[in-house]
J.: 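First the structure, which I've put down as structure tokens, then a few questions once you've had a look.
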Amino acid sequence: RHSRRRYFTLLHGHTLLGRLRTLDSEHQGQVAYAAFSAADLQAPAVRQPRTWLYLDPKLEQMFQAVVEAKAVDSGENLIVLIADDDSVFYRLEAGKGRPSCTNAVQTYVDLAHAGGRGEEAAEAVLQQRLRPAWETALR
């Protein structure tokens, strides 16, 4: 239900991370790692060469300028999900030196619907993050 945009940027590694961190610090709660990028931080299992982000629709032009991104039909290295509502930003997981990421439940849902190796990554989030949290809560 969220609009998916494909972008390409020549920025990578620490440079891209720094630009995303700047955008996140200026607009907390409106940008977050999503899907495979969030899973890579929460329960690494499936490597993904793209950066996945949720973005508030009001920030799209600023995002394009900050990370020097160009919309493309193929060859994307950034997948931007334009949030249909603010619920995807609920209880973001903050990190030191990096932008926030979606909470583990949102990450699981996103991956389960992502296709490809999303099911495998969703299972890793379930096993490594969600089930241990549930077991702790039941004690």
J.: Could you pull out the closest heavy-atom pair between Trp52 and Ala35, with the gap in Å?
T.: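 Minimum heavy-atom contact is CE3-CB, 3.6 Å.
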J.: Just by distance, with hydrogens left out, do Asp110 and Gln106 show a side-chain donor and acceptor under 3.5 Å apart?
T.: yes
J.: Taking C-beta and beyond as the side chain, do Thr107 and Leu41 meet within less than 4.5 Å on heavy atoms?
T.: no
J.: Could you give me the CA-CA distance, side-chain angles and deciding distance for His113 and Tyr108, then say whether side chain to side chain contact (heavy atoms under 4.5 Å, CB included) is met?
T.: CA-CA 9 Å; His113 292 96; Tyr108 175 83; over 6 Å; no
J.: For residues Tyr54 and Val31, determine if any side-chain heavy atom of one lies less than 4.5 Å from a side-chain heavy atom of the other.
T.: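 No, their side chains stay 4.5 Å or more apart.
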J.: A side-chain contact here means heavy atoms from C-beta on lying under 4.5 Å apart; do Val105 and Leu130 qualify?
T.: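 Contact flag for Val105/Leu130 side chains = yes.
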J.: Please give me the minimum heavy-atom distance between Ala124 and Ala43, naming the atom from each residue.
T.: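 Scanning both residues, the minimum pair turns out to be O-CB, 3.6 Å.
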J.: Linking I/L/V/M/F/W/Y whenever any side-chain heavy atoms sit under 4.5 Å apart, do Phe36 and Ile82 land together?
T.: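 Phe36 does not cluster with Ile82.
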J.: Could you measure the distance from the CG atom of Asn77 to the CD atom of Gln48? Nearest 0.5 Å is fine.
T.: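 That separation rounds to 10.5 Å.
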J.: So which atom in Ala69 and which in Thr9 form the shortest heavy-atom distance, rounded to 0.1 Å?
T.: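 Smallest interatomic distance, heavy atoms only, reads CA-CB, 4.3 Å.
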J.: Which heavy atom of Gly75 sits nearest a heavy atom of Phe8, and at what distance?
T.: O-CD1, 3.4 Å
J.: With rounding to the nearest 0.5 Å, note down the distance linking CG in Asp56 to CG in Asp85.
T.: 10.5 Å
J.: For Gln127, look at atom CD and say whether over 12 heavy atoms of other residues, nucleotides or ligands are found less than 6.0 Å away.
T.: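 Atom CD in Gln127 is crowded, with more than 12 foreign heavy atoms closer than 6.0 Å.
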J.: How far apart are the closest heavy atoms of Pro57 and Ala83, and which atoms are they?
T.: CD-O, 3.7 Å
J.: Set out, in order, the CA-CA distance, both residues' side-chain angles and the distance that settles side chain to side chain contact (heavy atoms under 4.5 Å, CB included) for Leu11 and Arg19, then state yes or no.
T.: CA-CA 9 Å; Leu11 303 180; Arg19 300 279 182 93; 3.5 Å; yes
J.: Less than 4.5 Å apart, any side-chain heavy atom of Thr102 and any of Tyr33?
T.: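 When only atoms from C-beta onward are counted, Tyr33 and Thr102 do not touch, as no gap falls below 4.5 Å.
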J.: With a 4.5 Å heavy-atom cut-off, do Glu76 and Arg50 have their side chains touching?
T.: yes
J.: At what distance, to the nearest 0.5 angstrom, does OG1 of Thr22 lie from CE of Met62?
T.: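 Thr22 atom OG1 to Met62 atom CE measures 11.5 Å (nearest 0.5 Å).
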J.: At what distance, to the nearest 0.5 angstrom, does OG of Ser37 lie from CG of Leu53?
T.: 6.5 Å
J.: Would you check if Tyr90 and Asn103 make a side-chain contact, meaning some heavy-atom pair closer than 4.5 Å?
T.: yes
J.: I'd like to check Pro99 versus Leu17 (side-chain heavy atoms, cut-off strictly below 4.5 Å). Are they in contact?
T.: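 Counting from C-beta outward, Pro99 and Leu17 do come under 4.5 Å.
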J.: Does Ile79 share a hydrophobic cluster with Leu23, counting links as ILVMFWY side-chain heavy atoms below 4.5 Å and allowing steps through other members?
T.: no
J.: Salt bridge (charged side-chain N to carboxylate O under 4.0 Å, His left out) for Arg129 and Glu93? Distances and angles first, verdict last.
T.: CA-CA 13 Å; Arg129 289 292 301 276; Glu93 294 183 8; 2.9 Å; yes
J.: Does a side-chain N-to-carboxylate-O contact under 4.0 Å join Arg5 and Glu60?
T.: yes
J.: So Leu20 and Val67, do their side chains get closer than 4.5 Å, heavy atoms only?
T.: yes
J.: Hey, what do you get for CD (Gln30) to CG (Leu55), rounding to the nearest 0.5 Å?
T.: 8.5 Å
J.: Give the cluster check for Leu111 versus Phe89: same hydrophobic cluster or not, with ILVMFWY residues linked at side-chain heavy-atom distances below 4.5 Å.
T.: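 In one cluster: yes.
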J.: Measure the CG-NE2 distance between Leu81 and His2 for me, rounded to the nearest 0.5 Å.
T.: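 NE2 of His2 is found 7.0 Å from CG of Leu81.
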J.: For Val72 and Tyr7, work out which heavy atoms get closest and say how close.
T.: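 Shortest heavy-atom separation between Val72 and Tyr7 comes out as CG2-C, 4.0 Å.
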